Chemist: 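Let me give you the structure first, and then I'll get to my questions.
This structure is a prediction, so every number in the text was calculated from the model and none was measured.
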Amino acid sequence: MKELVEVIAKALVDNPDEVTVTETEKGNDLLVELKVAPSDMGKVIGKQGRIAKAIRSVVKAAASREDRKVIVEIQ
């Protein structure tokens, strides 16, 4: 999941070098934290959170294959 979020985020931002993604396991859940430059935050979130919601939907679909719950946090 980490690689998937990283590829999507780097394609959206102006500063791909400042994109960092970390994974943390909590039981059967997986927490994916996405950090971008403050100037790129709007590009990752999108108007009314549409891009963020789309990223979460894609990750959720990929995680359903493994029968896991994935939480994506954008910071």
Chemist: Establish whether Val13 and Met41 are linked, either directly or via other cluster members, by ILVMFWY side-chain heavy-atom contacts under 4.5 Å.
Modeler: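 Linked within one cluster.
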Chemist: Of the non-hydrogen atoms in Arg56 and Val72, which two are nearest, and what is the gap between them?
Modeler: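 Heavy atoms of Arg56 and Val72 come nearest at NE-O, 3.0 Å.
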Chemist: Which heavy atom of Glu23 sits nearest a heavy atom of Lys2, and at what distance?
Modeler: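 The answer is OE2-N, 2.9 Å.
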Chemist: Can you tell me how far the CG atom of Leu34 sits from the OG1 atom of Thr22, to the nearest 0.5 Å?
Modeler: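 OG1 of Thr22 is found 9.0 Å from CG of Leu34.
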Chemist: Of all heavy-atom pairs between Asp67 and Asn28, which one has the smallest distance, and what is that distance?
Modeler: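 Taking Asp67 first and Asn28 second, the nearest heavy atoms are O-ND2, 3.8 Å.
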Chemist: Under a 3.5 Å distance rule, please check whether Asn15 uses its side chain to pair with a backbone N or O of Asp40 as donor and acceptor.
Modeler: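 Side chain of Asn15 to backbone of Asp40, a donor-acceptor pair under 3.5 Å: no, none is there.
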Chemist: Ile8 and Leu31: same hydrophobic cluster, using ILVMFWY side-chain contacts below 4.5 Å?
Modeler: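 Ile8 does not cluster with Leu31.
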Chemist: When you look at CD of Gln48, are more than 12 heavy atoms from neighbouring residues, nucleotides or ligands closer to it than 6.0 Å?
Modeler: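 No, the 6.0 Å shell around CD holds no more than 12 heavy atoms from other groups.
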Chemist: Rounded to the nearest 0.5 Å, how far does NZ of Lys53 lie from CZ of Arg50?
Modeler: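 It comes to 8.5 Å.
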Chemist: Which heavy atom of Val70 sits nearest a heavy atom of Met1, and at what distance?
Modeler: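 For Val70 versus Met1, the nearest heavy atoms are CG2-CG, 4.2 Å.
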Chemist: Are Val5 and Val58 linked, directly or through other ILVMFWY residues, by side chains that come within less than 4.5 angstrom of each other?
Modeler: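 In one cluster: yes.
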Chemist: Where is the tightest heavy-atom contact between Asp14 and Pro16, given as atom of each residue plus distance?
Modeler: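 Answer, listing the atom of Asp14 first, then Pro16: O-CD, 3.2 Å.
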Chemist: If two hydrophobic side chains count as joined below 4.5 Å and joins carry through other members, does Val59 share a cluster with Ile74?
Modeler: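 As far as the 4.5 Å side-chain criterion goes, Ile74 and Val59 are connected within one cluster.
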Chemist: Rounded to the nearest 0.5 Å, how far does CG of Leu30 lie from OG1 of Thr24?
Modeler: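 It is 8.0 Å, given to the nearest 0.5 Å.
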Chemist: Please report the shortest heavy-atom distance between Leu12 and Lys43, naming the atom on each side.
Modeler: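 Looking at all heavy atoms of both residues, the closest pair is O-CD, 3.8 Å.
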Chemist: Do Ile71 and Ile51 belong to the same hydrophobic cluster, where Ile, Leu, Val, Met, Phe, Trp and Tyr are linked whenever their side-chain heavy atoms lie under 4.5 Å apart, directly or via other members?
Modeler: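 Ile71 does not cluster with Ile51.
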